[in-house]
**Q** 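Below is a structure I'd like to ask you about.
Chain naming here is simple, since letters A, B, ... match the order of the sequence lines and numbering starts at 1 in each.
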2 protein chains.
Amino acid sequence: MEKPKESSVERLRSGILDLIRDLDLSFGDKLPTEKELSERFQVSRPTLREALKLLEQEAVIDVHQGKGRFLAAGALLSIARPITKFESVSQMVASHGYSAQTRLLGFATVPADPDIAARLSVPPGSPLIRVERLRHSNGQPLVYSLDWLPKALFDADPATTPDWSGSIVALLAGIERGPVASTANVRATLLPQEVSTLHGLDGFGPALLIEEICYASDGTRVIYAMDYHRGSAFSFSFVRK
Amino acid sequence: MEKPKESSVERLRSGILDLIRDLDLSFGDKLPTEKELSERFQVSRPTLREALKLLEQEAVIDVHQGKGRFLAAGALLSIARPITKFESVSQMVASHGYSAQTRLLGFATVPADPDIAARLSVPPGSPLIRVERLRHSNGQPLVYSLDWLPKALFDADPATTPDWSGSIVALLAGIERGPVASTANVRATLLPQEVSTLHGLDGFGPALLIEEICYASDGTRVIYAMDYHRGSAFSFSFVRK
DNA sequence: TTTCATTTACTTGTCAAACAAGATGATTCA
DNA sequence: TGAATCATCTTGTTTGACAAGTAAATGAAA
């Protein structure tokens, strides 16, 4: 099993965020000095500075040599649903406040077309598993998902059939191939016409399409996903700098 | 004038990215060790580590104690149109490959409604300037923008009328209030009905709406913007981790 | 008293050297 | 052969020091 063993820098980072909350600091306020922080958290200044550098990059704090560190714009939404946080669709839906169910619309083993083969870095024509699903809550469709996975991932245990109605992320984690990061692309579009008509999703409206390639911890590409998020139900926040 | 004086850590960060390109490293390859890098760039290990930490956070490199640092997923698209890079709409349109023109649809001085007042952190009812614009290229509408700015920003020089058909970012930079960062939110939607009909934008289709609050370097909020990006023309990339 | 230059203390920026801890491969010994 | 040990390489962390930028106190000159 993978045991990342949270580094002290990562612990520091959240410790500092907690401290900001505890001290009730807001925009423009001054943070304690490096000396005070390193004493409070019992770490050396170089280590502390690595953590502060991360918060700088996230635009949570501004730094001015000789003056100190000050809360910046990012502090205002350092938590709220950042689009850059990797999580499964199920988690994401939950964090938006929906208790959703998954409906398996279909799955099949298909040959990789050149486009998708390139994205997953597998030979064209090699077998992929294509899974089509819909998350919905109280009859309202929320996310329409298409996933492609290399069939080879499951060749070790060909007897059992995976349960595609559950979390694919969890499924892959079970065979030591859990995705940990992705490169993604976002744009606005409509559901493809045939999807709307075939599955009765006419009222879905404009969708936020996130296309992503998910990577396992060893760097192999394990999923290519197209997730259509219903525009009226989802939004994501981030800091630009 | 603002002279950020690029820190050595920032210089290191791009230096390392250049080195990765020069050495033609790709996914999974091993980076030079901290010792080699600190010698090559003539900096100490603690300083180098601050820069490496940034690249870690961007998911450009993975680190394993005792083994080394390795290129990760983010390296594949560390350049391509990241949504988290702050830039003006004009710059963004250009970086997507369009040579666009701006059409000023209207502007007015209006009282701040409570919602927008809160976002700009000004008293409700205080005077704002509302600017409505459209970028288009070869007759194709690309981005429909609504901007609100505190009128107080321009009180120092009330004689001249700003030119709203140019870049607002550049305009603010001219009075030492150029925005440097923003907190943003993205979702998919359609153009508001009345906008479509009033300005003949029926074929616009689904839009990627980016709402953002822009901050000047002193932390004051200078713009609240709603930018509707035509879905068929724009997409943004990022790394999730 | 007011003004301006200087000093002093404080803050972040950077460095050097050392040791701890995890990983890897070679060596040694049974 | 096989397994334990060791040397070595890598990243993780600490200590102490000095450089550089800022701001406030100080004190001399007008």
**Q** Side chains of B/Tyr224 and B/Glu211: any donor to acceptor distance under 3.5 Å?
**A** yes

**Q** Return the residues of residues 34-54 of chain B meeting this criterion: a heavy atom under 4.0 Å from some atom of DNA chain D. Order them by number, or give none.
**A** B/Glu34, B/Arg45, B/Arg49

**Q** With sequence neighbours left out, what residues match B/Asp24 under salt bridge (Lys or Arg N to Asp or Glu O under 4.0 Å)?
**A** none

**Q** C/dT12 C1' sits how many Å from A/Asp62 CG, rounded?
**A** 14 Å

**Q** My understanding is that only residues two or more places apart in sequence, or in another chain, count here; which of them pass side chain to side chain donor-acceptor pair (under 3.5 Å) with A/Ser90?
**A** A/Arg135

**Q** Once you round it to whole Å, what is the distance between P of C/dG13 and CD of B/Glu10?
**A** 13 Å

**Q** Roughly how many Å is it from NZ in A/Lys67 to P in D/dT22, rounded to a whole number?
**A** 7 Å

**Q** Over how many whole Å does the gap from A/Arg69 atom CZ to D/dT22 atom P extend?
**A** 15 Å

**Q** Looking at B/Lys85, I'd like to know if its NZ atom is crowded, meaning that more than 12 non-hydrogen atoms belonging to other residues, nucleotides or ligands lie closer than 6.0 Å.
**A** no

**Q** Figure out the CD/P separation between A/Gln65 and C/dT12, and round it to whole Å.
**A** 10 Å

**Q** Can you confirm whether A/Leu153 sits close enough to A/Ile129 that some side-chain heavy atom of one is under 4.5 Å from a side-chain heavy atom of the other?
**A** no

**Q** How far does CE of B/Met226 sit from CG of B/Asn185, to the nearest 0.5 angstrom?
**A** 10.5 Å

